[in-house]
Amino acid sequence: MPMIAEATSSVASVETNPWISAAARFDEAAAKLGLDEGLQKVLRLAAKEVTVHIPVILDDGRIEVFTGYRVQHSIARGPGKGGIRYAPDVTLDEVRALAAWMTWKCAVVNIPFGGAKGGIICDPSLLSQGELERITRRYTAEIVEILGPERDVPAPDMNTNEQTMAWIMDTYSMHMRHTSTAVVTGKPLELGGSRGRPEATGRGCMIVTGQALRKLGLDPSSARVVIQGFGNVGGMAARLMARAGFRIVCIAEYDGAVYNRHGLDIEALMKFRKDTGSIVGFPESEPIDRDEALFLECEVLLPAAKENVITSENAARIRARILCEGANGPTTFVADRILAENRVFVIPDILANAGGVTVSYFEWVQDRQGYFWNEALVNGRLEEIMVNSFRDVVSYADKHGVHNRTAAYMVALDRVGSAIRMRGLYA
Ligand code: NAD
């Protein structure tokens, strides 16, 4: 039975449900690839799902119990890899979908990891640092036997950061009775983090965008780029693209967008935002409506804010030649078809934003080597992986006559399926 039928809940939520989007894309790629029915069954379900209840003493002396999850979708190609998010509305379904997503992302860029994801239901804005530390440490202790550099390697995600990773690393190390830096990535540099990690996702977006422009015979120096989201991914992509000579004509943030058809001065915009707290009112730019920015005529549109911004309701209005998905899941599966009909060249999220997990892989390698690379080495190796992965996806698309997203899923399914086939099923 196709995955989509199993997952459907209400019609209204179907298009924007990440589990259903991922399932629809899985089914389409599996069918095109002719993936064995049995392997499809294996890959539809997560290999391991752990739910823990975490008792913690709050600052006022009360005991509260939080629920946490860790899901390992597949470890066929290597240890599980994926972030841990803290949010009041985390669900097991969401964590499952994101874990599968990580399996495909790691396989597309051909790094030796499987896919995993974790989450704790909590509202970090209502918790002190001490409470967050106790929640993190107890959660780590509860799942300690499934973590490890050879088992499952978490990273930061929504509302978790370098500090959270340092607490996880320390708690795990205390249980193992030795320091084990490679158990998490996204750590501070002082604790075995990697150079180049903060820029890695934006850098990866720039590299694959450059490849796409070249493939379409467009000149990067005259390419107009529109970016939604000026945070870690969008801000770094803007800075690196501007330095490389791209013309960033528009940046959209949650409170407004700024436009300059000759190209925005990104360093000045960053300073302006730092000084004023917003990009709105930036000199040498025109203000435009935040949501209208998506529909500007341009060569490159880079959504780097959040999921489900391009849907069946607005996809027909996109006038970009290339859509580089910096965010996870910015396009719904219904919108995919509209973009394909309008010949938008989509660089799908599992390829476009995989620079982050690729440098996380480098961090893990460096921790295990105990030997740290300089930034040029990190960036050079990232470029090699992103360029090769782009070529792999595009050649699948050409060979099978499918669009890039389906091709990316096909590359991933092929690699994960081959690993399972070669390993065989242990019984
Ligand atoms: P971030 O919080 O640093 O940046 C997101 C930015 O988008 C913020 O500045 C926010 O104000 C802005 N924003 C929110 N709503 C908006 C709207 N409606 N219009 C315009 N701007 C809006 O987050 P990030 O780390 O840059 O992540 C962005 C996306 O990229 C997420 O989907 C994330 O899952 C994905 N991603 C991030 C990484 C990474 O390494 N950080 C890696 C892979 C994927």
Side-chain angles (χ1 to χ4, degrees), residues 16 18 21-22 81-87 90 94-95 97-99 101-102 104-106 108-109 111 115 117 119 124 154-162 164-165 185-187 193-194 196-206 208 226-240 250-259 269-270 273-274 277-280 287-296 301-311 314 324-332 347-363 382 386:
T16 53
S21 273
K81 184 87 197 84
I84 296 175
R85 56 176 53 182
Y86 291 179
V90 170
E94 167 192 349
V95 176
L98 294 167
W101 215 319
M102 288 305 298
W104 314 136
K105 196 181 289 191
C106 293
V108 166
V109 284
I111 57 178
K117 204 81 183 186
D157 195 72
M158 200 186 286
N159 296 325
T160 57
N161 53 30
E162 286 191 347
T164 324
M165 296 306 112
T185 61
K187 296 180 296 295
S194 177
R197 177 63 187 88
E199 302 84 17
T201 308
R203 184 176 294 281
C205 290
M206 175 184 71
V208 290
V226 173
I227 301 181
Q228 182 193 48
F230 201 43
N232 177 277
V233 179
M236 288 301 175
R239 167 177 269 165
L240 296 169
C250 180
I251 300 277
E253 253 298 325
Y254 74 96
D255 55 349
V258 290
Y259 175 82
L269 182 59
M270 283 187 163
R273 202 243 322 248
K274 195 165 171 238
S278 171
I279 61 168
V280 178
I288 62 165
D289 181 78
R290 175 192 83 176
D291 297 327
E292 287 302 307
L294 284 179
F295 313 120
L296 288 169
L301 173 62
L302 202 165
K306 54 186 195 137
E307 69 287 351
N308 296 324
V309 291
I310 302 174
T311 67
N314 65 15
C324 176
E325 296 184 333
N328 280 320
T331 310
T332 67
I347 313 175
D349 49 9
I350 57 172
L351 168 64
N353 68 36
V357 76
T358 302
V359 176
S360 281
Y361 162 57
F362 295 161
E363 180 177 336
L382 172 64
M386 295 305 295

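In listed order, ligands and their atoms are each counted from 1.
Within the listing of ligand 1, atoms 15 (N), 18 (N) sit less than 4.0 angstrom from a heavy atom of Lys306. Residue-ligand proximity, Ala327 to ligand 1, at heavy-atom distances under 4.0 Å covers atoms 29 (C), 30 (O), 32 (O), 35 (C). For ligand 1, the atoms sitting less than 4.0 Å from at least one non-hydrogen atom of Gln228 are 19 (N), 20 (C), numbered in the order shown with element in parentheses. Which parts of ligand 1 touch Ala252 is read off a 4.0 Å heavy-atom cut-off, strictly below it: atoms 20 (C), 21 (N).
Contact check for Leu296 versus Ile288: side-chain heavy atoms found under the 4.5 Å cut-off.
Remark: the backbone N or O of Phe230 is paired with a side-chain donor or acceptor of Arg273 at under 3.5 angstrom. No donor-acceptor pair closer than 3.5 Å links the side chain of Gln228 to the backbone N or O of Pro303. Judged purely by atom type and a 3.5 angstrom limit, Asn159 uses its side chain to pair as donor or acceptor with the backbone of Tyr86. No donor-acceptor distance shorter than 3.5 angstrom exists from the side chain of Glu253 to the backbone of Ser278, with no hydrogens or angles considered. With hydrogens and angles disregarded, no donor-acceptor distance shorter than 3.5 Å links the side chain of Arg197 to the backbone of Gly186.
Residue Arg197 places a heavy atom less than 4.0 Å from ligand 1.
Protein heavy atom in closest approach to atom 23 (O) of ligand 1: Asn232 N, 4.5 Å. In this structure, atom 32 (O) of ligand 1 lies nearest to the protein heavy atom Asn328 N, 3.1 Å. Atom 26 (O) of ligand 1 has as its closest protein heavy atom Val233 N, 2.8 Å. The nearest protein atom to atom 6 (C) of ligand 1, hydrogens excluded, is given as Glu253 OE2, 3.7 Å; this is a heavy-atom distance. The protein heavy atom nearest to atom 13 (N) of ligand 1 is Ala305 CB, 3.8 Å.
By heavy-atom distance, the residue among Gly326, Gly231, Gly229 lying nearest atom 4 (O) of ligand 1 is Gly231.
The two atoms that bring Gly355 and Ala200 nearest to each other are O-CB, 3.4 Å, heavy atoms only. When all heavy atoms are compared, the tightest approach of Asn328 to Asp349 is C-OD2, 3.8 Å. Nearest heavy-atom pair, Lys187 versus Glu162, reported as atom, atom and distance to 0.1 Å: O-OE2, 4.0 Å.
Contacts between Thr201 and ligand 1, counted as non-hydrogen atom pairs separated by less than 4.0 Å, involve the side chain only. Looking at Arg290 against ligand 1, only its side chain comes within 4.0 Å, counting heavy atoms. Only backbone heavy atoms of Ala304 (N, CA, C or O) come within less than 4.0 Å of ligand 1; its side chain stays farther off.
Between the side chains of Thr160 and Asp157, not a single donor N or O lies within less than 3.5 Å of an accepting N or O.
Distances from atom 2 (O) of ligand 1 to the protein include no heavy-atom value under 4.0 Å.
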